[in-house]
Amino acid sequence: MLLYFALCAIVFAACEGDNNDTKSQFSVTFGSIECATTDTTATITTSRPVVMVNDTNYIVSDSDLYLVYKEAGRGEEQYLTEVESEGDTLCFTLTELKPETEYTATLWHNAGMRGMFQCNMFTFSTLTVKIDVIDEMDYKT
């Protein structure tokens, strides 16, 4: 019986060592982010994140990406999962924003069992509302 337990301990230790040796190296790298705003919209453009597993690049699916945004310092987070993509360029369009308001946003990649990965949080502000003033002109008749 003692020999059986010793054998199980040796097998368990050997298997545990194998798991540590075969653990994959995983990394996610996000590209630079550009943001263009109007008074009520923001268009956020970035490149598709690069995912590396054991020195091999993998393509990130659009369905694994989303953007989280909210008014800076307050408000509830909003989630945007709709992304337009053309090759490696991704575009998120936020609508119904408040004029002259600062927002914070974070791009996320859902890597399934490996976890959630994010880029650095960034801020942007919507533009002021422009009101065109037409000068009254005196008409002589």
Side-chain angles (χ1 to χ4, degrees), residues 1-140:
M1 185 76 154
L2 185 59
L3 183 60
Y4 175 74
F5 285 120
L7 182 61
C8 287
I10 291 170
V11 170
F12 179 72
C15 289
E16 188 175 319
D18 288 345
N19 286 341
N20 289 336
D21 292 339
T22 59
K23 209 177 259 190
S24 63
Q25 299 296 316
F26 181 83
S27 68
V28 178
T29 305
F30 291 89
S32 63
I33 295 176
E34 296 177 14
C35 183
T37 62
T38 68
D39 57 336
T40 59
T41 65
T43 303
I44 298 167
T45 307
T46 187
S47 59
R48 187 175 304 280
V50 175
V51 173
M52 298 275 298
V53 178
N54 295 331
D55 298 324
T56 302
N57 284 342
Y58 287 89
I59 296 173
V60 175
S61 171
D62 292 356
S63 63
D64 291 334
L65 297 169
Y66 63 96
L67 187 81
V68 177
Y69 67 99
K70 70 176 189 170
E71 283 186 53
R74 63 175 168 222
E76 290 187 34
E77 291 182 332
Q78 304 291 318
Y79 296 84
L80 181 63
T81 58
E82 296 175 17
V83 58
E84 294 178 26
S85 62
E86 186 174 315
D88 286 338
T89 302
L90 307 172
C91 183
F92 295 88
T93 303
L94 309 177
T95 59
E96 299 181 20
L97 301 176
K98 295 179 184 177
E100 302 179 45
T101 304
E102 185 176 70
Y103 289 86
T104 60
T106 306
L107 179 62
W108 286 87
H109 169 246
N110 180 358
M113 297 297 287
R114 296 186 188 275
M116 303 297 293
F117 295 87
Q118 70 180 36
C119 73
N120 293 330
M121 183 181 295
F122 61 96
T123 60
F124 64 91
S125 296
T126 52
L127 302 177
T128 58
V129 178
K130 294 182 181 180
I131 301 174
D132 293 329
V133 177
I134 300 174
D135 293 330
E136 291 183 20
M137 300 177 72
D138 291 330
Y139 289 101
K140 295 184 182 180

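All residue numbers in this chain count up from 1 along the given sequence.
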- With a 4.5 Å heavy-atom cut-off, do Tyr58 and Val50 have their side chains touching? no
- Task: Drop me the distance from Gln78's CD to Leu67's CG, to the nearest 0.5 angstrom.
- Result: 11.0 Å
Side-chain donor-acceptor pairs under 3.5 Å in residues 81-100, sequence neighbours left out?
| residue | atom | partner | partner atom | Å |
| --- | --- | --- | --- | --- |
| Ser85 | OG | Asp62 | OD2 | 2.7 |
| Lys98 | NZ | Glu71 | OE2 | 2.9 |

- Glu102 CD: over 12 foreign heavy atoms closer than 6.0 Å: yes
- Task: Verify the neighbour count for atom CG of Asn57: are there more than 12 heavy atoms of other residues, nucleotides or ligands below 6.0 Å?
- Result: yes
- Item | Residues that Thr104 engages under side-chain hydrogen bond (donor to acceptor under 3.5 Å, both in side chains), provided they are two or more places apart | none
- Item | Minimum-distance pair of heavy atoms, taken over all atoms of Thr46 and Gly31 | OG1-O, 3.7 Å
- Message: Tell me which pairs pass side chain to side chain donor-acceptor pair (under 3.5 Å) where either residue lies in residues 115-125, with sequence neighbours left out.
- Response: none
- How would you list, by chain and number, every residue that makes a side chain to side chain contact (heavy atoms under 4.5 Å, CB included) with Thr37, sequence neighbours excluded? Cys35, Ala42, Phe124, Leu127
- Stepwise side-chain contact (heavy atoms from CB on, under 4.5 Å) check, Ile44 with Phe122: CA-CA 11 Å; Ile44 298 167; Phe122 61 96; 3.9 Å; yes
- Yes or no on side-chain contact (heavy atoms from CB on, under 4.5 Å) for Ile33 and Thr45, after CA distance, side-chain angles and deciding distance? CA-CA 6 Å; Ile33 295 176; Thr45 307; over 6 Å; no
- By side-chain hydrogen bond (donor to acceptor under 3.5 Å, both in side chains), which residues pair with Ser61, not counting sequence neighbours? Ser63
- Pairs flagged by ring pair (Phe, Tyr, Trp, His ring centres under 6.0 Å) wherever residues 33-57 is involved - sequence neighbours left out: none
I'd like a table of donor-acceptor pairs (distance under 3.5 Å, sequence neighbours excluded) in which one partner is a side-chain atom from residues 106-117, with atom names and distances.
| residue | atom | partner | partner atom | Å |
| --- | --- | --- | --- | --- |
| Asn110 | OD1 | Gly112 | N | 2.9 |
| Arg114 | NH1 | Ser24 | OG | 3.0 |
| Arg114 | NH2 | Ser24 | OG | 3.2 |

- Query: Quick one: are Leu65 and Val60 in side-chain contact, heavy atoms under 4.5 Å?
  - Reply: yes
- Query: Are any side-chain N or O atoms of Thr126 and backbone N or O atoms of Thr38, one a donor and one an acceptor, separated by less than 3.5 Å?
  - Reply: no
- Query: Arg48 and Ile59: which non-hydrogen atoms are nearest, and at how many Å?
  - Reply: CD-CG2, 4.2 Å
